[in-house]
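Just so we're clear, the structure is a prediction, and the values are computed from it rather than from any experiment.
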Amino acid sequence: MEDDEIAVILAAIAHSDRPPLSQSEITLLERFRTHLIQAIEVYRTFQRGLMESVVARRMLDALTQPVLLIDDTQYVHHANTAALDLIGAGRVAAESNGTFNFRRARDSGRLSAALRQLGLTGDLPHEQRSGRVAFRVSDRLGEDSHLVVAIAVRPDESMAVFGKTPRVILLFHPLEGRKVIDPLIVSHAFSLTPAEAQVAAAIAAGASLSELAEARGVSLETVRSQLRGVFAKVGVSRQSDLARVLSALPQENLDFSQTLIIR
């Protein structure tokens, strides 16, 4: 067999003193060749799926907030560490036999509506499908807990890196608590050194100078010096102004102007 990706040659080598292969032996080899081709195709399919899985997992695991990859049946194909922690806590979401759902029926209904709007269930016309859908979910006490953004990933648009069938990435954004700012984004945005970017991100997230010095194992004066460098490059003079400026930086590349909100 031969195509653009692979060439496989099956050769039957006999002793020089034996006669050519008989028709029955050729027929047997032909049957073996058919099974060999099938085995090679199975192997290639497995290898492609393995590579897709590795790439997809690395991409999703790089995110710090909870993220899940599910299909139209809500089967979980991957969950990063933060998502596993969220499910394990049991306050907002749950997983049973590989299937994901929310604790509250209202939120489960919103997820079902999101899957329909994304075009993963039913026969919604292509022009009516949304690329992203956002909705709020609550904890078991009914308090708003997370904003969930559902993003459709289709094989023809993502080179099938997330699978050969359409799937959905669920991103969870906590509605309370400290905001986590990526130092890498801060560094690129204001040309900060890695140390300055870490200081800026930590201060914007609410850490005190003494907490930061202790956590990094440096002196308080070192942190103050780095903060002065941050102030000069960002163009602010107070920690509150720094937090305000950094809060406007993107946390991930989402175009919310093109996101459908489910209420």
Side-chain angles (χ1 to χ4, degrees), residues 56-122 124 128-154 157-158 162-163 165-182 185 201 204-206 246-263:
R57 287 172 185 238
R58 287 182 177 176
M59 292 175 63
L60 300 182
D61 287 342
L63 299 175
T64 56
Q65 73 266 43
V67 57
L68 290 164
L69 180 68
I70 65 172
D71 59 25
D72 58 343
T73 68
Q74 298 175 211
Y75 180 80
V76 178
H77 291 270
H78 185 63
N80 69 353
T81 300
L84 293 175
D85 291 341
L86 180 69
I87 294 173
R91 293 188 295 271
V92 176
E95 178 266 330
S96 177
N97 297 322
T99 301
F100 173 82
N101 220 324
F102 290 103
R103 287 294 186 184
R104 294 176 63 82
R106 181 198 64 175
D107 298 334
S108 297
R110 288 175 173 174
L111 175 58
S112 298
L115 295 179
R116 289 194 299 271
Q117 189 59 45
L118 292 171
L120 263 70
T121 61
L124 191 68
Q128 296 181 18
R129 296 176 183 175
S130 298
R132 291 170 297 277
V133 178
F135 56 95
R136 287 177 177 247
V137 297
S138 306
D139 58 23
R140 287 184 296 187
L141 300 178
E143 298 291 334
D144 282 350
S145 173
H146 291 78
L147 175 69
V148 180
V149 180
I151 306 172
V153 285
R154 311 181 198 282
E157 299 171 352
S158 62
F162 293 100
T165 59
R167 291 177 182 169
V168 170
I169 293 175
L170 296 180
L171 290 168
F172 291 76
H173 302 270
L175 296 176
E176 295 182 355
R178 291 184 174 183
K179 185 174 183 180
V180 177
I181 299 175
D182 190 341
I185 294 177
L246 298 192
S247 67
L249 293 177
Q251 298 300 296
E252 55 281 312
N253 186 21
L254 294 178
D255 182 1
F256 281 92
S257 65
Q258 301 297 320
T259 301
L260 177 69
I261 306 297
I262 293 181
R263 303 185 185 280

If we only count heavy atoms from C-beta on, is the H77 to D71 side-chain gap below 4.5 Å? yes
Can you tell me how far CD of E95 sits from CG of L84, rounded to the nearest 0.5 angstrom? 9.0 Å
Using a cut-off of 6.0 Å, state whether more than 12 heavy atoms not belonging to R91 lie near its atom CZ. no
Derivation and outcome, side-chain contact (heavy atoms from CB on, under 4.5 Å), residues V76 and I87: CA-CA 12 Å; V76 178; I87 294 173; 5.5 Å; no
What closest approach, in Å, do R136 and D144 show between heavy atoms, and which atom pair accounts for it? NH1-OD2, 3.4 Å
Determine whether I169 and V67 make a side-chain contact, defined as any pair of heavy atoms from C-beta on separated by less than 4.5 Å. yes
Locate the shortest heavy-atom distance separating V168 from A150; write the atom from each residue and the value. CG1-CB, 3.8 Å
Could you go step by step and tell me if L111 and F135 meet the side-chain contact (heavy atoms from CB on, under 4.5 Å) rule? CA-CA 8 Å; L111 175 58; F135 56 95; 4.2 Å; yes
Between CG of L120 and OG1 of T165, what distance do you get to the nearest 0.5 Å? 8.0 Å
If you compare all heavy atoms of A201 against all heavy atoms of L246, which two are closest, and at what distance to 0.1 Å? N-CD1, 4.3 Å
Plane angle bin for F172 and F102 - parallel if under 30°, tilted between 30 and 60°, otherwise perpendicular: tilted
Enter the distance from H78:NE2 to N80:CG here, rounded to the nearest 0.5 Å. 6.0 Å
Would you give the length of the straight line joining atom CD of Q65 to atom CG of L86, rounded to the nearest 0.5 angstrom? 11.5 Å
Please check this pair: side chain of Q128 against backbone of Q117, looking for a donor-acceptor N/O pair closer than 3.5 Å. no
Measuring from atom CD1 of I151 to atom CG of L171, what distance do you get when rounded to the nearest 0.5 angstrom? 4.5 Å
Scan E143, R103, R106, H146 and name whichever one has a side chain to side chain donor-acceptor pair (under 3.5 Å) with S138. R106
Rounded to the nearest 0.5 Å, what's the gap from CD1 on I70 to CG on L170? Could you check? 4.0 Å
Does any donor atom in the side chain of D139 or S145 lie under 3.5 Å from an acceptor atom in the other side chain? no
Is the backbone N or O of F100 less than 3.5 Å from a side-chain atom of Q74, with the two atoms forming a donor-acceptor pair by type? yes
